[in-house]
K.L.:
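Dropping a structure here in structure tokens format, bear with me for questions.
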Amino acid sequence: MKLRFSLSFAAGLLFMCAQSVVGQEHTIWQLGNSDGSSSEFALSPNGYKKFLEHDFGYEDNAFIIGQSSLTRDLPYVLPGPANEWGGTGGTSGLRTHFLNLYYVLNNSIKNGQCTLQVKLANSDPKNEPTLQIVINGKPYNFEVERGAGNGEPLENPLKSGNSTINIPLPADLIKKGGNQITMTVIKGGWVEFDSFKLLGPQQVKLIANHSVIVKNVQQAEFEILNAGKPVQNMLVDLLKLKDDEQLKVVLDGKKIYEKTREKGAAKLEIPMPYVAKDIWSKYEIYCNGQLIQSSTIKRGPKRLGGVSDYVNTMMGAAHSRWMIAPGPWMPFGMVKISPDNQNIGWQAGYEPSIESIGTFSHIHEWTMAGLGTFPTAGQLKTRVGDQYSTNSGYRSAIDKTSEKAPLGYYAVHLLDHDIDVKLTAGTRSSFQQYTYHKSDTGRIMIDLKVNGEYDYKIKDFSLKKVSDYKVVGYSNQLSENVWSTDAKQDYVVYFVMEFDKPIINYGTWHNDRLTERADLVADSAQFAGMYVEFDVHKDKAVQLRTGISYVSLANAEENLKTELSEPFGWSIDRVVEINIKFGMNF
């Protein structure tokens, strides 16, 4: 079994070595024996169908290295979204699982590197897995070739087909105190584990006897008002392993928090003395009077926030439906613009484990979809493409670490063409900003056929460039048998789209026919859309604002005018500010 390596972040490619680690003899910790067997782990050798029964795979589960039990708490196999026994199925949709390993070190890495080594005993022979390993928030993706066997994760008595993943870790990634490794199969089928090992300098040791793991300490990104006065909060993200133990936090020698807390994960929000300029302070965290972590925190003035800043629109987006996505949606909004990354079918829409985006579509209602927009550069393609293949269409891989979905807007970096995206919405309108960092020509795809949960036919449609700054159109859509054999959903989506730069080139596509510099009107289509291009040689950003209606083009124009064009002009930040202030739905 061989491995192909790739990274899901844009900061650059680190060297991945599949051979033995050289010059790092010290084993900081190890789980399992490196013998090609998974017999040390839970459910081994053939209890994989009990994976869900034992509640393995949930995001809040934790395996504590040095304290948890291998035979009880760490499964020998991790299912992928292709495995029905992992919860994926025709009615349950795509499902991914997580394996969280936590450990505490006595020292930071000052000289040399640590290396994380993961050995696999086998992998799914029918569905090639992509294993993602996230180390203290930094993701690494590994494409694992198909393994041996008949498709069932049964321990191989011949102990053959082993693979080794070695990840050299930069010194600043592994820290003194709490560290976290999260593994999930984001594509394909299962992987079977042989062993896990952390190699590094002699002075770095595992601390096994602890009841609290501090994962992160930082200042909150916003201030809040308390009795009319601004408050700056320290955020302490921790995992508490026992009940009824006392936690205390000291900042610059003064106690700012002391409380007995119950077992479980928590993010403490602790008020700090207010400071009017940026400074560094020393903090100490105690458990039952014993110092468990000491370091520094950067403090300073922040923007004033409120309750909307606590909303996480990603919550519930995984393993969900078409009507649930991390888009900036107004309460009772008709426009629900969001990133779509899945193929057409049950539970289509947005799935966090798929690290690409196909389009940003405007309608996410039960049995209703339509009007996708997406920035591209380079070769012209007129299909969205497959959810797992960015080369199959105009979709793009994304930098997951750049993805933001607070209340009020959605933002992400598209890796394939180096484009930043920011989008927000009104009730019947959308506002988008695309920044093309590398290309001198920015292209926007306007696609009438999007990958919704329910497929639809385009009965008739129109796409017209009415000026150098405006495109209008409509799509008459029909979804058949949407919830029973005699139920139909038919509707017309009218839209008006404005740009803040002049269009320098455009064209349309009708099924497989591409026509340059031409409008398009037809009575039916399997696929249809328009592309528009802009000069971004000097000014790299292109903005577009869109109004839609189910009644008429005139109503779409009115919606755009009253919601965005007149009150906000071309300021997307003002729209976001208002949306956050008055509260948006998610």
K.L.:
State plainly whether the residues D512 and R383 are in salt-bridge range, i.e. N to O under 4.0 Å.
P.N.:
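Looking at R383 together with D512, the answer is yes, because their closest N to O distance falls below 4.0 Å.
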
K.L.:
Mind listing the closest non-hydrogen atom pair of G32 and Q30 along with its distance?
P.N.:
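That closest heavy-atom pairing would be O-NE2, 3.0 Å.
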
K.L.:
Think K381 forms a cation-pi with Y394, using NZ or CZ under 6.0 Å from the six-ring centre and within 45 degrees of its axis?
P.N.:
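Geometry flag: not set, cation outside 6.0 Å or 45°.
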
K.L.:
Show your reasoning for whether side chain to side chain contact (heavy atoms under 4.5 Å, CB included) applies to L52 and H97.
P.N.:
CA-CA 10 Å; L52 296 178; H97 296 275; 3.5 Å; yes

K.L.:
Report yes or no: do Q432 and Y434 form a side-chain donor-acceptor pair below 3.5 Å?
P.N.:
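On atom types as modelled, these side chains qualify, holding a pair under 3.5 Å.
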
K.L.:
Could you walk me through whether D35 and D194 pass the side chain to side chain contact (heavy atoms under 4.5 Å, CB included) check?
P.N.:
CA-CA 7 Å; D35 57 2; D194 175 7; 3.5 Å; yes

K.L.:
Quick one, W483 with W366, criterion ring pair (Phe, Tyr, Trp, His ring centres under 6.0 Å). Give me CA distance, side-chain angles, the key distance, then yes/no.
P.N.:
CA-CA 10 Å; W483 65 87; W366 183 45; 5.3 Å; yes

K.L.:
Do N343 and D386 meet the criterion of a side-chain donor-acceptor pair at a distance under 3.5 Å?
P.N.:
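N343 vs D386: donor-acceptor pair found between side chains.
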
K.L.:
So, N341 and S356: side-chain donor and acceptor under 3.5 Å apart, yes or no?
P.N.:
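Checked: N341/S356 side chains show no N/O donor-acceptor pair below 3.5 Å.
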
K.L.:
Hydrogens and angles aside, do T359 and D447 bring a side-chain donor and acceptor to less than 3.5 Å of each other?
P.N.:
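No, D447 and T359 have no side-chain donor paired with an acceptor closer than 3.5 Å.
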
K.L.:
Picking from H210, Q67, Q180, what satisfies side-chain hydrogen bond (donor to acceptor under 3.5 Å, both in side chains) with Y102?
P.N.:
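Exactly one option meets the side-chain hydrogen bond (donor to acceptor under 3.5 Å, both in side chains) with Y102, and it is Q180.
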
K.L.:
May I have the step-by-step check of side chain to side chain contact (heavy atoms under 4.5 Å, CB included) for Y350 and I357, ending in yes or no?
P.N.:
CA-CA 9 Å; Y350 178 83; I357 294 176; 5.5 Å; no

K.L.:
For residues K263 and S211, determine if any side-chain heavy atom of one lies less than 4.5 Å from a side-chain heavy atom of the other.
P.N.:
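They are not in side-chain contact.
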
K.L.:
Is it true that the side chains of S389 and N391 contain a donor and an acceptor less than 3.5 Å apart?
P.N.:
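The answer is no; no qualifying pair exists.
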
K.L.:
Dump the intermediate steps for side chain to side chain contact (heavy atoms under 4.5 Å, CB included) on V191 and F142, then the final yes or no.
P.N.:
CA-CA 11 Å; V191 294; F142 300 88; over 6 Å; no

K.L.:
Examine the side chains of T435 and Q433 and answer whether a donor and an acceptor come within less than 3.5 Å of each other.
P.N.:
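Note: T435 and Q433 side chains miss the donor-acceptor criterion.
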
K.L.:
Could you verify whether a donor N or O on one side chain and an acceptor N or O on the other, from Y410 and E403, lie under 3.5 Å apart?
P.N.:
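Distance-only check passes for Y410 and E403.
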
K.L.:
Determine the interplanar angle of the F193 and F196 rings, folded into 0 to 90°, and report it as parallel if under 30°, tilted if 30 to 60°, perpendicular if over 60°.
P.N.:
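F193 and F196: tilted rings.
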
K.L.:
Given side chains that start at C-beta, do those of F374 and I419 come closer than 4.5 Å, heavy atoms only?
P.N.:
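F374 does not reach I419 side chain to side chain.
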
K.L.:
Among I64, N179, D237, which residue satisfies the side chain to side chain contact (heavy atoms under 4.5 Å, CB included) criterion with I213?
P.N.:
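One option only clears the test, and that one is I64.
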
K.L.:
Would you say that I363 contacts I548 through its side chain, given a criterion of any heavy-atom pair below 4.5 Å between the two side chains?
P.N.:
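They are in contact (side-chain heavy atoms under 4.5 Å apart), so the answer is yes.
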
K.L.:
At what distance, to the nearest 0.5 angstrom, does CE of M314 lie from NZ of K404?
P.N.:
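Here the interatomic distance stands at 12.0 Å.
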
K.L.:
So E269 and Y310, do their side chains get closer than 4.5 Å, heavy atoms only?
P.N.:
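Yes; the side chains approach each other to less than 4.5 Å.
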
K.L.:
Establish, from distance only, whether the side-chain atoms of S195 and S34 form a donor-acceptor pair under 3.5 Å.
P.N.:
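Distance-only check passes for S195 and S34.
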
K.L.:
With a 4.5 Å cut-off on side-chain heavy atoms, are H413 and D418 touching?
P.N.:
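Touching, per the 4.5 Å side-chain cut-off.
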
K.L.:
Can you confirm whether the side chains of Q132 and E355 place a donor and an acceptor under 3.5 Å from each other?
P.N.:
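Looking only at side-chain atoms, E355 and Q132 do form a donor-acceptor pair, the distance falling under 3.5 Å.
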
K.L.:
Would you say the side chains of H364 and S338 form a donor-acceptor pair under 3.5 Å?
P.N.:
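No - no donor-acceptor pair under 3.5 Å links their side chains.
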
K.L.:
Got D416 and R395 here, is their nearest side-chain heavy-atom distance under 4.5 Å?
P.N.:
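No, side chains not in contact.
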
K.L.:
Tell me if the NZ atom of K126 is crowded by more than 12 foreign heavy atoms within 6.0 Å.
P.N.:
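Result for NZ/K126: open.
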
K.L.:
Check whether any side-chain heavy atom of L198 sits under 4.5 Å from a side-chain heavy atom of C114, and report yes or no.
P.N.:
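They are in side-chain contact.
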
K.L.:
If every non-hydrogen atom of S123 is compared with every non-hydrogen atom of P129, which pair is closest and at what distance?
P.N.:
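Scanning both residues, the minimum pair turns out to be CB-CG, 4.0 Å.
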
K.L.:
Taking atom CD of E480 as the centre, does the number of heavy atoms from other residues, nucleotides or ligands within less than 6.0 Å exceed 12?
P.N.:
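Yes, the 6.0 Å shell around CD holds more than 12 heavy atoms from other groups.
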
K.L.:
Which of these, Y456, Y550, W322, Y454, sits in a side chain to side chain contact (heavy atoms under 4.5 Å, CB included) with M368?
P.N.:
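Only one of Y456, Y550, W322, Y454 forms a side chain to side chain contact (heavy atoms under 4.5 Å, CB included) with M368, namely Y550.
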
